J.: 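One structure coming up, written as structure tokens, with questions to follow.
Just follow the structure's listing: the first ligand is 1, and inside any ligand the first atom is 1. Please read all numbers here as calculations on a predicted model, not as lab measurements. As a basis for the values below, the full set of heavy atoms in this structure was taken, side chains included, without hydrogen atoms, waters or symmetry mates.
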Amino acid sequence: MPIDLRSDTVTRPSEPMRAALAAAEVGDDHLDGDPTTRRLEQHVAAMLGKPAALFFPTGTMANLAAIMVHSPPGSELLVDADAHVVNLTAAGVAAVAGVQSRFVTPTSRVVDATDFKRAIRSPSRYTPPLSLVSVENTHNGAGGVVTPLADLREISGVAADAGVPLHLDGARLWNVEAATGVAVADYAACADTVMVSFSKGLGAPAGAALAGTREFIDAAWFTRKRLGGGLRQSGILAAAALFALENNRNRLAEDHRNAARFAELIGNAGGASVVAPDTNIVMIDVRDGSTAEAVARAAAEHGVLVSVWSGRRVRVVTHLDVTTADVEAAAAVMRTVLVRD
Ligand SMILES: *Cc1c(COP(=O)(O)O)cnc(C)c1O
């Protein structure tokens, strides 16, 4: 079996998780409700300190639904150019929501309040009205980077000053909590709406939740329906998410330690440079003259799978299906490859 470090989505449900989903009490969620899904939604809403939450099959759909509820077609979304919601969703914001994105370039590792503020234009007859600010925490493309609570509060202030809501793409907000010791609810309090994922570091097979006011969630239910995301016996998936929250949330720090260990072992092998990880994602920029593609291919030949993030950047992600020993073995392979290829 190769050591698969391409993503924290590659985890397979453990036997106890499979037992939990097999035992789930279910109903027709789209018709009159699924009891396990309801329990998950209430649990997540309480954890995030929001009045209501709604289960979605994917985080991609949850983010898109949030944007469709907040932003009328032809209005503008303020977001960083490398955000998942605009970079990795087959142009859903443009093609499905009909919303124009205005990209903010971070001056540091990730966008901050000053970056957002600079990008906000005064309303005019020529420009689309701003309808939403979106921020991603942790930031995947930047390498699992944490936006600390104080920074998120400032961003929240900028959105409020502009008179628009703030959406938090918190697919990996659980990792932010594990890295900082600050509760997810404190981050969620900065935003009007929050998406969290169960299928990343938490290790559930699928699913995400969107949280906000009851009125917002009612509108999101309708939009989820429109997008074809109404599920039937979704308690099967919700049970896995509940199991993951109960059993896998408290071990995320282990993934962070493994990522730090991996980064330390790579150092600057073969002239590569490693972005020191905040959480469970390690970005490696390969040396001049080499390519991420070549490095990933060579690593795969030696049983280590990593993703090609861009021309010269390789992404490595630790997760609950790899041990410290696996990560050390993978780092040894990666070192050899970086020096040689
Ligand atoms: C994975 C991810 C999503 C989408 O979640 P899916 O369940 O895979 O659709 C959204 N935002 C971020 C930051 C992600 O990493």
Side-chain angles (χ1 to χ4, degrees), residues 5-13 40 44 48 53-68 77 79-93 96-97 101 106 109-111 132-147 152 155 166-179 184 187-188 191 193-211 220 223-224 227-229 231 234 237-238 240-241 244-245 248 252 255-256 259 277-283 307 309 315-320:
L5 299 172
R6 288 171 302 165
S7 177
D8 46 10
T9 58
V10 301
T11 56
R12 294 178 173 86
L40 172 67
V44 170
L48 294 172
L54 186 66
F55 183 73
F56 275 81
T58 65
T60 300
M61 189 188 280
N63 277 335
L64 180 59
I67 291 164
M68 288 172 78
L77 163 72
V79 63
D80 80 275
D82 203 26
H84 186 284
V85 76
V86 285
N87 198 35
L88 293 169
T89 57
V93 172
V96 184
S101 297
R109 293 193 302 166
V110 285
V111 281
L132 181 65
V133 175
S134 180
V135 64
E136 183 175 317
N137 201 12
T138 66
H139 196 291
N140 180 13
V145 172
V146 169
T147 296
L152 197 61
I155 292 170
L166 178 67
H167 175 67
L168 173 57
D169 176 352
R172 293 190 181 81
L173 197 61
W174 317 109
N175 294 86
V176 177
E177 178 182 69
V184 284
Y187 295 97
T193 56
V194 186
M195 186 281 273
V196 289
S197 172
F198 308 117
S199 64
K200 302 289 168 77
L202 289 184
L210 181 61
T223 303
R224 186 185 67 176
L227 295 173
L231 298 176
S234 50
L237 293 173
L245 286 168
N248 298 341
L252 289 171
D255 296 342
H256 299 179
D278 280 357
T279 55
N280 68 328
I281 300 177
V282 185
M283 294 294 195
S307 4
W309 193 255
R315 190 186 73 161
V316 171
V317 188
T318 56
H319 52 76
L320 86 171

J.: Using residues 193-210 as the side-chain source, report each donor-acceptor pair under 3.5 Å to any protein atom, sequence neighbours left out, with the distance given to one decimal.
T.:
unit_1, atom_1, unit_2, atom_2, d
Thr193, OG1, His70, NE2, 2.9
Thr193, OG1, His167, ND1, 2.8
Ser197, OG, Ser199, N, 3.2
Ser197, OG, Ser199, OG, 3.4

J.: Donor-acceptor check, side chain of Thr147 to backbone of Asn137, threshold 3.5 angstrom: yes or no?
T.: no

J.: If we count only N and O atoms by modelled type, under 3.5 Å, do the side chains of Asn280 and His319 hold a donor and an acceptor together?
T.: no

J.: Under the salt bridge (Lys or Arg N to Asp or Glu O under 4.0 Å) rule, collect the residues that match up with Asp8, sequence neighbours excluded.
T.: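 For Asp8 the salt bridge (Lys or Arg N to Asp or Glu O under 4.0 Å) partners, ignoring immediate neighbours, are Arg172.
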
J.: Go through the structure and list residues passing salt bridge (Lys or Arg N to Asp or Glu O under 4.0 Å) with Asp278, not counting sequence neighbours.
T.: Arg109

J.: Give a table of atom pairs where an N or O of ligand 1 lies under 3.5 Å from a protein N or O.
T.:
unit_1, atom_1, unit_2, atom_2, d
ligand 1, 7 (O), Gly59, N, 2.8
ligand 1, 9 (O), Gly59, N, 3.3
ligand 1, 9 (O), Thr60, N, 2.9
ligand 1, 9 (O), Thr60, OG1, 2.6
ligand 1, 11 (N), Asp169, OD1, 3.1
ligand 1, 11 (N), Asp169, OD2, 2.7
ligand 1, 15 (O), Arg172, NH1, 2.9
ligand 1, 15 (O), Lys200, NZ, 2.7

J.: I'd like to know if the side chain of His84 pairs up with that of Asn63 as donor and acceptor (distance under 3.5 Å, no hydrogens or angles considered).
T.: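 Note: His84 and Asn63 side chains miss the donor-acceptor criterion.
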
